[in-house]
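Some notes on the structure that comes next.
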Amino acid sequence: MKKSFNSLLAILGIAALVMTSCDQLPQAEVDAATAAVSKADSLEAAIYVPSEFAALQDSMKEAQAQLEADKSKFFKNYDGSRAKFSSVVTLAATVGENSVARKAAVSVEIDSTISQVTALLAETRALLEKAPKGKEGASVLEAMGQELSSVEASVTSAQSAKGTGSLLPILDTVKAAKDKVTGIKTELEAVIEKYQASRKAKR
Amino acid sequence: MRKYILITTLLVLVSGFFLIYTIYYTPKAPLSILSSARNNLAITQKSVASKKDKKILKEAQSLYDSAMYHWKLQNDKWIWFRNFNAVDSFARLSISKAEEAVILHQTHQGKQIKALANRIEILEGMLTKYKKVFRTLPQQKGEIKKWATGELTFTEAKTKYNNKDYDHAEEKLTEAEKLLIPIYNTLNSRIVNYFANYNTWLSWQKKVIDDSSVSRKSSIVVDKLARKCFVYNRGKLVKEYTVELGPNWLGTKLRQGDKATPEGIYSVKKKKDEKNTKYHKALLLNYPNEDDKARFELAKVNGDISKNASIGALIEIHGAGGKGTDWTDGCVALSSPDMDEVYQLVQEGSKIAIVGSLKPLSTYTTD
């Protein structure tokens, strides 16, 4: 009887121990997720894929909240937290890759836009030579020439800045330069066309 | 036997009570409030973009972090001794702050967008006027270059505005305004001051046209801003031609070498054919007239020109123009074929009025 009683006590004690013992805190998963988010940040995800990075940060917050919720329970089970932190690691890797890809795409777009601007500048300068002499004459043409020089300076400055800071403001600058040159070119083409039409009419 | 059964039953009951109490009656973390705080932060972060409102958003984030910190603290305690009141308070404060950030952002952004739109409209008006009127005015190279840089910066500002990046749009717009507005104001003053003589110009025009009726000689009116030369005979317009001037054409001539085309009423002193001028044909004017001399003396007295300056002479209407540029030393140039016609129409003694503009300033500034 005494033995049965002691056995029962032992069983109850072991059961209590098992029931109240913690599932191991998923520290490795937490550390991996933290490192993954940090890596995505270092890959400038906040700049190049800001909404994806924000979603990643939200996922991390959710995983941390799940961890605390699991810790709050009497019968601890961290399977939910583990799964969430694993998702964060996967998501962080994707966000990091997307950031790198986006940055590369922006860099390519900058180079492409600069090439287009360079070609447009050459075409527009050629049009300046052909532009008819009218009542506005060279004061306007000279102003256009100066505007083209400003565009050239802006593009040169953008090319120098490319290695130093964020690429997105540089892209804005070169796009503005392209719009400006395109505007001048269109204006000159319209003037030349008008002039040629009036010459034909006179003949 | 009974004793062991009793003890066992007691143990089971106590364990059961302990378990039930722990599971159902110990304090629970405010999971739904924390979830709301987290969701609120996520939503607010997407919508709040301005620097001013981001400060409040950071406060909301900080309050949420405090809630999480206290949650961790309580979780480290034995379950029966946990108290989540602080967690609940911080989470609720975070929600409240995030909501405050949204409201403030909506108010600020509304004002910011309106102010930006107004500033963009003003600058666009300036750019249009520059293109229409100021581009043709004599300007220093530095001014033109600065204006062009300002225009590029303005284009960037508009792109950011259209992309709803309002803080950066504001930065670029301020940069553009610093470049454009001083130049605009200078050019605007220049031309407004220039047009103060408008009524005088019209009176000169009338005088020389009337003279063409009385004297039976043709008259010429030169409109500098329009770069036009009008020939009148017996009070009626006969022909008009395009002209080129000196590069410093805005304003009247003060001295020799200033590359300015004079303004006033003159007469043809002498007609020069191909043998007597290198500019194909020429009409020598009686510059300086009495007004020119008086102005020259006053400028010397005022120190506007050197005491050793000469008033200049040999102002002509001549050919060899058609270059499309204001290239003369102050003369009025026509293309040689046009000059052939003018030479035939005009006589020695014919009156010439050189004016700033025959049209009012509003002609150039109204869309």
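Here is how names work: the chains are called A, B, and so on, in the same order as the sequence lines, proteins then strands, and each is numbered from 1.
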Under 4.5 Å heavy-atom distance to chain B, tell me which part of [X] shows up: side chain, backbone, both or neither.
X: A/Asp179; result: side chain
X: A/Ala54; result: neither
X: A/Thr173; result: both

With chain B, which of [options] has the greatest number of heavy-atom pairs at distances under 4.5 Å?
options: A/Glu62, A/Gln57, A/Lys175; answer: A/Glu62
options: A/Ser150, A/Pro169, A/Ala176; answer: A/Ser150
options: A/Glu147, A/Gln64, A/Glu68; answer: A/Glu68

B/Gln61 side chain to A/Lys61 side chain, donor-acceptor N/O pair below 3.5 angstrom: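 Distance-only check passes for B/Gln61 and A/Lys61.
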Which value, rounded to the nearest 0.5 Å, describes the distance between B/Lys72 atom NZ and A/Lys71 atom NZ? 6.5 Å
So NZ of A/Lys73 and CG of B/Asn75: to nearest 0.5 Å the spacing works out to 11.0 Å
I'd like to verify something: which residue of B/Thr155, B/Thr159, B/Asp76 has the highest number of heavy-atom pairs under 4.5 Å with chain A? B/Thr155
Report the option among B/Lys158, B/Met68, B/Glu156, B/Lys28 that has the most heavy-atom pairs separated by less than 4.5 Å from atoms of chain A. B/Glu156
Sort [X] into side chain, backbone, both or neither according to what part of it lies under 4.5 angstrom from a heavy atom of chain A.
X: B/Leu34; answer: neither
X: B/Ala29; answer: side chain
X: B/Glu151; answer: side chain
X: B/Phe154; answer: neither

Specify the closest pair of heavy atoms between B/Phe84 and A/Ser72, including all atoms of both residues, with the distance to one decimal. CZ-OG, 4.5 Å
How close do B/Trp71 and A/Ala69 get, counting heavy atoms only, and between which atoms?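 Shortest heavy-atom contact: CZ2-N, 3.4 Å.
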Among B/His168, B/Lys172, B/Lys160, find the one that has a side chain to side chain contact (heavy atoms under 4.5 Å, CB included) with A/Asp172. B/Lys160
If you draw a 6.0 Å radius around NZ in B/Lys58, do more than 12 non-hydrogen atoms from other residues or ligands fall strictly inside?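 No, not enclosed.
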So with a 6.0 Å cut-off around NZ of A/Lys162, is the heavy-atom count from everything else above 12? yes
